[in-house]
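Just so you know, residue 1 is the first one in the sequence shown, and it goes up from there.
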Amino acid sequence: MTLATLKTLENLLTDKGSKYAVSGTPVTSKPEAVSALKALKRSKKYAKATHNTWAVLLRDGTPLKNDDGETGAGMVILRMLERENLHDHLVIVTRWYGGVKLGGDRFRHVQTCVRAYMDQL
């Protein structure tokens, strides 16, 4: 997996100093998802991000997710994938923390990022 195979929407939104981006790519297994995340983090910008939250719903129905410290965000992504019936597609929402806690707004921002990504498919 290379960074070139990842589709990324950068500078998607900013709130109270926190910045968000979203990336994704087709995957068919957990090792492929981990490989894609590693490819994203080869970029110093993404490696230094506060959170790289991700989820994928595999074709066999297996849900995979990781909050990367942003509690509950992986489930938000996973639910959106389930609602759209989007299988075998990894979606990663990246956040660079801006110094001010966002509370529940962070979940709306994750949803906004995932929606923007899905609209590009």
Trainee: Working to the nearest 0.5 angstrom, can you tell me the gap between Met118 CE and Arg83 CZ?
Mentor: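 Met118 CE to Arg83 CZ: 8.5 Å, rounded to 0.5 Å.
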
Trainee: Would Trp54 end up clustered with Leu12 when hydrophobic side chains under 4.5 Å apart are linked, directly or stepwise?
Mentor: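 No.
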
Trainee: Looking at side-chain heavy atoms only, is the closest gap between Leu37 and Asn66 below 4.5 Å?
Mentor: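 Leu37 does not reach Asn66 side chain to side chain.
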
Trainee: Quick check against the 3.5 Å criterion: does Tyr20 have a side-chain atom that pairs as donor or acceptor with the backbone of His109?
Mentor: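 Checked: no pair found.
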
Trainee: Just so I know, are the side chains of Leu58 and Thr28 near enough to count as touching, which here means a heavy-atom distance under 4.5 Å?
Mentor: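 A side-chain contact under 4.5 Å is absent here.
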
Trainee: Kindly give the heavy-atom pair with the smallest separation between Ala55 and Ile77, and that separation in Å.
Mentor: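 So the two residues come closest at CB-CG2, 3.6 Å.
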
Trainee: Got a donor-acceptor contact below 3.5 angstrom from the Lys7 side chain to the Gln120 backbone?
Mentor: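 A pair under 3.5 Å: yes.
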
Trainee: Roughly how far apart are Asp15 CG and Leu102 CG, rounded to 0.5 Å?
Mentor: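 Asp15 CG to Leu102 CG: 5.0 Å, rounded to 0.5 Å.
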
Trainee: According to side chain to side chain donor-acceptor pair (under 3.5 Å), who are the partners of Glu10, at least two apart in sequence or on a separate chain?
Mentor: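 By the side chain to side chain donor-acceptor pair (under 3.5 Å) rule, Glu10 matches Lys45, Tyr46.
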
Trainee: Grab the two heavy atoms, one from Cys113 and one from Ala21, that are nearest each other, plus how far apart they are.
Mentor: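 That would be SG-O, 4.4 Å.
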
Trainee: Looking at CZ of Arg95 and CD of Glu70, how far apart are the two atoms once the value is rounded to the nearest 0.5 Å?
Mentor: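 So the CZ of Arg95 and the CD of Glu70 are separated by 4.5 Å.
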
Trainee: Is there a chain of hydrophobic side chains (I, L, V, M, F, W, Y, each step under 4.5 Å between heavy atoms) that links Val100 to Val110?
Mentor: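 No, Val100 and Val110 fall in different hydrophobic clusters.
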
Trainee: Taking all heavy atoms of Phe107 and all of Ala73, pick out the closest pair and write down the distance.
Mentor: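 So the two residues come closest at CE2-N, 3.9 Å.
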
Trainee: Run the side-chain contact (heavy atoms from CB on, under 4.5 Å) check on Leu86 and Leu57 step by step: do they pass?
Mentor: CA-CA 7 Å; Leu86 182 59; Leu57 182 62; over 6 Å; no

Trainee: Let me confirm one number: the CG-NZ distance from Asp105 to Lys16, rounded to the nearest 0.5 Å.
Mentor: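 So the gap between those two atoms works out to 5.5 Å.
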
Trainee: Return yes if some donor-acceptor pair links the side-chain N/O of Ser35 with the main-chain N/O of Pro31 below 3.5 Å, else return no.
Mentor: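 The answer is no, because no donor-acceptor pair under 3.5 Å joins these two groups.
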
Trainee: Taking side chain as C-beta onward, heavy atoms only, is Lys44 less than 4.5 Å from Lys48?
Mentor: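 Side-chain contact under 4.5 Å: yes.
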
Trainee: Can you see which heavy atom on Val56 is nearest to which on Leu78, and at what distance?
Mentor: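 Heavy atoms of Val56 and Leu78 come nearest at O-CD1, 3.8 Å.
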
Trainee: If two hydrophobic side chains count as joined below 4.5 Å and joins carry through other members, does Met80 share a cluster with Ile92?
Mentor: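 Met80 does not cluster with Ile92.
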
Trainee: For a 4.5 angstrom cut-off between non-hydrogen side-chain atoms, does Thr8 reach Thr94?
Mentor: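 No, side chains not in contact.
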
Trainee: Check the hydrophobic clustering (I, L, V, M, F, W, Y; side-chain heavy atoms under 4.5 Å; chains of links allowed) and say if Val76 and Leu9 are grouped together.
Mentor: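 Same cluster.
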
Trainee: I'd like to know if the side chain of Ser23 reaches the main chain of Leu6, judged simply by a donor and an acceptor atom lying under 3.5 Å from each other, with no hydrogens or angles considered.
Mentor: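 Not confirmed, Ser23 side chain does not pair with Leu6 backbone.
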
Trainee: Apply the side chain to side chain donor-acceptor pair (under 3.5 Å) test between Glu84 and each candidate in Arg115, His89, Arg79; give the one that qualifies.
Mentor: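 The passing option is Arg115.
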
Trainee: Kindly work out whether a path of hydrophobic side-chain contacts (I/L/V/M/F/W/Y, heavy atoms less than 4.5 Å apart) joins Leu40 to Val34.
Mentor: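 Result: no, two separate clusters.
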
Trainee: Is there a side-chain contact between Val93 and Val114 (heavy atoms, below 4.5 Å)?
Mentor: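 A side-chain contact under 4.5 Å exists here.
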
Trainee: Do any N or O atoms from the side chain of Thr14 and from the backbone of Lys19 form a donor-acceptor pair under 3.5 angstrom?
Mentor: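 The answer is no, because no donor-acceptor pair under 3.5 Å joins these two groups.
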
Trainee: Under 3.5 Å, is there a donor-acceptor pair linking the side chains of Thr53 and Asp67?
Mentor: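 Per modelled atom types, Thr53 and Asp67 side chains form no pair under 3.5 Å.
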
